[in-house]
Amino acid sequence: MSVDLATVKRVARLARIAVSEEEADRIVGELNGILGFVEQLSEVDVDGVEAMTSVTPMAMKKRIDAVTDGNKAADIVANAPVTDQNFFLVPKVVE
């Protein structure tokens, strides 16, 4: 796939970027170089290669999925002006 001058101008207009003729010519060459590199990458056989999150193998640190700070409902509603059975009471609004 290659990019031509008309495509660069159209994308620049859609992105609302002012691009002069000289800049557009330069961008065509740069984009075609990038797309050529991407085409080279697509030729590489990556079947069976596991995705990496780091260059060194390591196990992710995981915490135990356990509740550690529950049963604080009374503390949470302690500063509320009006509560009932550890629930906030608010005035009813009907419009």
Side-chain angles (χ1 to χ4, degrees):
M1 177 181 185
S2 65
V3 176
D4 60 353
L5 187 61
T7 304
V8 169
K9 288 182 179 180
R10 182 171 183 267
V11 170
R13 184 180 57 79
L14 290 172
R16 296 186 175 151
I17 299 173
V19 176
S20 67
E21 285 293 324
E22 296 117 18
E23 288 175 325
D25 289 333
R26 183 180 50 82
I27 292 172
V28 167
E30 289 178 4
L31 288 177
N32 284 328
I34 292 169
L35 291 174
F37 180 69
V38 170
E39 287 177 3
Q40 280 183 335
L41 289 176
S42 67
E43 295 172 4
V44 177
D45 181 23
V46 294
D47 290 337
V49 177
E50 189 175 335
M52 294 177 26
T53 57
S54 174
V55 292
T56 57
M58 63 177 72
M60 288 184 62
K61 298 176 185 173
K62 299 178 184 173
R63 64 175 172 82
I64 298 171
D65 189 18
V67 177
T68 58
D69 61 350
N71 299 326
K72 292 188 175 184
D75 295 337
I76 293 170
V77 297
N79 291 329
V82 183
T83 62
D84 182 25
Q85 298 177 358
N86 291 330
F87 290 100
F88 295 100
L89 291 179
V90 295
K92 188 180 270 189
V93 177
V94 179
E95 292 184 24

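Keep in mind the model is a prediction, meaning the values are calculated, not measured. Side chains are part of it too, since the values below use all heavy atoms of this structure and drop only hydrogens, waters and symmetry mates.
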**Report entry** same_hphob_cluster(I34, V11) at 4.5 Å side-chain heavy-atom cutoff
**Finding:** no
Requested in this report: Report whether L31 and L14 are members of the same hydrophobic cluster (ILVMFWY, side-chain heavy atoms less than 4.5 Å apart, transitive linking).
Outcome: no
When rounded to the nearest 0.5 angstrom, what is the spacing between [atom1] in [X] and [atom2] in [Y]?
X: S20; Y: I27; atom1: OG; atom2: CD1; value: 8.0 Å
X: S54; Y: M60; atom1: OG; atom2: CE; value: 11.5 Å
X: N32; Y: T7; atom1: CG; atom2: OG1; value: 9.5 Å

Query - Donor-acceptor contact below 3.5 Å, side chain D84 vs main chain F87 - result: no
For [X] and [Y], which heavy atoms make the closest approach, and how far apart are they?
X: V3; Y: V28; result: O-CG1, 3.4 Å
X: F88; Y: V77; result: CZ-CG1, 3.8 Å
X: L5; Y: A24; result: CD1-CB, 3.4 Å

**Report entry** Pair K9 + E21: basic N to acidic O under 4.0 Å
**Finding:** yes
Query raised in the report: When you look at CZ of R10, are more than 12 heavy atoms from neighbouring residues, nucleotides or ligands closer to it than 6.0 Å?
Result: no
